[in-house]
**Student:** 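A single structure is presented below for examination.
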Amino acid sequence: MLDEPRSGRLAAWGNALLAGLVSPDEAAHRIADDDAVHRVEGLPGEAAPVGLTLALGRLRALGAVGLRVALPVSGHPLGLCGPPEFNARALEAEEAVIASGAGLGLIPETYEAGPEGGAGPDVHVEVVWRCLPVREAPPADVPSLGEAERELAEALQEATALLSRLDVAGSGPVAQAALAAYWARAEAGRQVLAPGYPPRAVRVLELAQRVGALIGIAQQAGGDGREHGAAVSSSEIAARAEALRPVERTARRAQVAAYNSAVEERERNRG
């Protein structure tokens with residue numbers, strides 16, 4: 001299921017900081033969210049990993065004028081611009097942030113810390129962002145906000161129709177919990193993007209996340225309205241994944257368009 005990627009939070013709040021709309025401490029707090037700690041390793045001029053506040057300041061000093069998101073998967077290098085080493089690592093993580101103007105990219109690696117066998121509040125997630133050189137080139141396959149919004153409207157219809165065909169209105173507890181969690185977040189009035197983003201970007205990102213929630217339910221629900229189990233054959237699961245792939249691709253493209261829109265708008269205004 002598509003949800004808020006860590007690269008999205010880093011780009012959104014990093015862009016707000018670069019635009020002078022939030023303080024370094026607030027940006028670092030918003031990026032970390034529920035994670036225990038974030039550090040950046042490999043920044044030019046820093047011999048050891050540093051915290052987010054220092055790292056964002058260092059990126060600005062190195063010439064960063066905006067942060068873009070990449071959400072690549074196998075066969076779809078969405079948002080990437082090279083070189084091959086960076087692309088390969090980003091593909092493995094399925095996300096990355098590119099600092100335009102600085103020629104640098106950041107890829108998250110997550111580690112869980114806590115007692116063996118622990119779960120929930122006993123487990124803390126630590127994130128290390130690996131900093132690597134990137135090319136200053138147009139990112140791959142990123143649509144405009146308008147294009148993304150049009151594609152999402154069609155994707156939402158496709159996802160809804162697929163759910164109807166699967167008869168998942170009475171789906172099992174995992175799928176129901178996924179949908180309930182999505183609506184709880186939506187109704188909580190959470191801040192979808194950081195200050196400085198156009199309203200259309202917020203609308204596109206919310207719709208992309210809604211489509212992602214529907215994809216997650218369709219992936220989890222079996223043909224009899226239950227989660228995958230003996231009643232669902234491997235061929236049925238494969239067929240469903242194939243049907244969902246273009247919808248999921250559209251939602252990922254829309255996410256990237258939304259997160260990158262602040263940088264795109266800033267560059268248009270400068271031009």
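Given the structure is predicted, the values throughout are model-derived calculations rather than measurements.
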**Student:** Give the cluster check for L104 versus L132: same hydrophobic cluster or not, with ILVMFWY residues linked at side-chain heavy-atom distances below 4.5 Å.
**Tutor:**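 No, no single cluster joins them.
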
**Student:** Could you tell me whether D35 and R6 make a salt bridge, using a distance below 4.0 angstrom between a side-chain N and a carboxylate O?
**Tutor:**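 Yes, this pair counts.
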
**Student:** I'd like to check Y259 versus L193 (side-chain heavy atoms, cut-off strictly below 4.5 Å). Are they in contact?
**Tutor:**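 The answer is yes, as the side chains (C-beta and beyond) meet within the 4.5 Å cut-off.
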
**Student:** Can you tell me if CD on E92 sees more than 12 non-hydrogen neighbours from other groups inside 6.0 Å?
**Tutor:**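 Not more than 12 within 6.0 Å, no.
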
**Student:** Is any side-chain heavy atom of F86 less than 4.5 Å from a side-chain heavy atom of C81?
**Tutor:**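 They are not in contact (no side-chain heavy atoms under 4.5 Å apart), so the answer is no.
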
**Student:** Are I98 and V256 connected in a single hydrophobic cluster, I mean Ile/Leu/Val/Met/Phe/Trp/Tyr linked by side-chain heavy atoms less than 4.5 Å apart?
**Tutor:**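 No; tracing contacts between hydrophobic side chains, which count when under 4.5 Å, never links both residues.
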
**Student:** Restricting to salt bridge (Lys or Arg N to Asp or Glu O under 4.0 Å), what partner residues turn up for R150, sequence neighbours left out?
**Tutor:**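 For R150 there are no salt bridge (Lys or Arg N to Asp or Glu O under 4.0 Å) partners, ignoring immediate neighbours.
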
**Student:** Which atom names give the shortest non-hydrogen contact between A155 and T250, and what distance separates them?
**Tutor:**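 Shortest heavy-atom contact: CB-CG2, 3.9 Å.
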
**Student:** Give a yes or no answer on whether the side chain of E95 reaches the backbone of S7 with a donor-acceptor pair at less than 3.5 Å.
**Tutor:**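 Confirmed, E95 side chain pairs with S7 backbone.
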
**Student:** Which heavy atom of A93 sits nearest to which heavy atom of P108, and what is that distance?
**Tutor:**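 In terms of heavy atoms, the two residues are closest at CB-O, 4.0 Å.
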
**Student:** Restricting to non-hydrogen atoms, name the atom on A153 and the atom on L207 that form the minimum distance, rounded to 0.1 Å.
**Tutor:**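 Scanning both residues, the minimum pair turns out to be N-CD2, 4.4 Å.
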
**Student:** Determine all donor-acceptor pairs shorter than 3.5 Å in which one atom belongs to a side chain in residues 53-62; sequence neighbours excluded.
**Tutor:**
{"unit_1": "R58", "atom_1": "NE", "unit_2": "E46", "atom_2": "OE2", "d": "3.3"}
{"unit_1": "R58", "atom_1": "NH2", "unit_2": "E46", "atom_2": "OE2", "d": "2.7"}

**Student:** Does the distance from a Lys or Arg side-chain N to an Asp or Glu carboxylate O, for E264 and R68, drop under 4.0 Å?
**Tutor:**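 Judged by the 4.0 Å cut-off on N to carboxylate O distance, E264 and R68 do form a salt bridge.
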
**Student:** Go through the structure and list residues passing side-chain contact (heavy atoms from CB on, under 4.5 Å) with P143, not counting sequence neighbours.
**Tutor:**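 E147, A148, R253, A257.
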
**Student:** Using the side chain to side chain contact (heavy atoms under 4.5 Å, CB included) rule, take E126 and T110 through it: C-alpha gap first, then chi angles, then the decisive distance, then the call.
**Tutor:** CA-CA 6 Å; E126 299 179 359; T110 58; over 6 Å; no

**Student:** Examine V97 and L17 and state if one hydrophobic cluster contains both, with Ile, Leu, Val, Met, Phe, Trp and Tyr joined whenever side-chain heavy atoms are less than 4.5 Å apart.
**Tutor:**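 Yes: a chain of side-chain contacts under 4.5 Å links V97 to L17.
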
**Student:** Hey, is the main chain of G212 close enough, under 3.5 Å, to the side chain of E248 for a donor-acceptor pair?
**Tutor:**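 Here the side-chain-to-backbone pair does not exist.
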
**Student:** Report yes or no: do V22 and I31 belong to one cluster of Ile/Leu/Val/Met/Phe/Trp/Tyr joined by side chain heavy-atom distances under 4.5 Å?
**Tutor:**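 Both belong to a single hydrophobic cluster.
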
**Student:** Could you report the tightest heavy-atom contact between V40 and C131, atom names first, then the distance?
**Tutor:**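 It is CG1-CB, 4.5 Å.
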
**Student:** Classify the side-chain pair H76/R252 by whether it contains a donor and acceptor separated by less than 3.5 Å.
**Tutor:**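 A pair is found: one side chain offers a donor N or O, the other an acceptor, under 3.5 Å apart.
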
**Student:** Rounded to the nearest 0.5 Å, what separates atom CG in L91 from atom CG in L80?
**Tutor:**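 So the gap between those two atoms works out to 7.5 Å.
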
**Student:** Given side chains that start at C-beta, do those of P198 and L145 come closer than 4.5 Å, heavy atoms only?
**Tutor:**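 Yes, close enough: below the 4.5 Å cut-off.
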
**Student:** Is there side-chain contact between W13 and H29, with at least one heavy-atom pair below 4.5 Å?
**Tutor:**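 Sidechains of H29 and W13: no contact.
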
**Student:** Should L52 and V127 be counted in the same cluster of Ile, Leu, Val, Met, Phe, Trp and Tyr side chains packed under 4.5 Å apart?
**Tutor:**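 The answer is yes; both residues are in one hydrophobic cluster.
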
**Student:** Looking only at non-hydrogen atoms, find the nearest pair between L152 and A254 and report the distance.
**Tutor:**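 Between these two residues, the closest heavy atoms are CD1-CB, 3.4 Å.
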
**Student:** Mind checking the CG-CG spacing from L106 to L67? Nearest 0.5 Å is all I need.
**Tutor:**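 So the CG of L106 and the CG of L67 are separated by 7.5 Å.
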
**Student:** Could you report the tightest heavy-atom contact between E136 and S100, atom names first, then the distance?
**Tutor:**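 In terms of heavy atoms, the two residues are closest at OE2-C, 3.9 Å.
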
**Student:** Kindly determine whether Q255 and Q209 satisfy side chain to side chain contact (heavy atoms under 4.5 Å, CB included), including the steps that lead there.
**Tutor:** CA-CA 8 Å; Q255 275 196 310; Q209 291 173 344; 4.2 Å; yes

**Student:** Does a donor on one side chain sit under 3.5 Å from an acceptor on the other, for Y197 and N15?
**Tutor:**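 Present: a donor and an acceptor within the cut-off.
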
**Student:** Evaluate the criterion side chain to side chain contact (heavy atoms under 4.5 Å, CB included) for residue pair D141 and R249; output intermediate values, then yes/no.
**Tutor:** CA-CA 11 Å; D141 197 36; R249 181 188 181 106; 3.8 Å; yes

**Student:** Less than 4.5 Å apart, side chain to side chain, heavy atoms only: is that true for I107 and W129?
**Tutor:**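 They are not in contact (no side-chain heavy atoms under 4.5 Å apart), so the answer is no.
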
**Student:** Would you say P5 and L71 make side-chain contact, with heavy atoms under 4.5 Å?
**Tutor:**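 Yes, close enough: below the 4.5 Å cut-off.
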
**Student:** Using a 4.5 Å cut-off on heavy atoms from C-beta on, say whether the side chain of R9 contacts that of R30.
**Tutor:**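 When only atoms from C-beta onward are counted, R9 and R30 do not touch, as no gap falls below 4.5 Å.
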
**Student:** Where do N260 and V69 land on the side chain to side chain contact (heavy atoms under 4.5 Å, CB included) test, with the steps shown first?
**Tutor:** CA-CA 6 Å; N260 293 3; V69 169; 3.7 Å; yes

**Student:** Using side-chain heavy atoms (C-beta onward) and a distance below 4.5 Å, is V65 in contact with L18?
**Tutor:**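 Counting from C-beta outward, V65 and L18 never come under 4.5 Å.
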
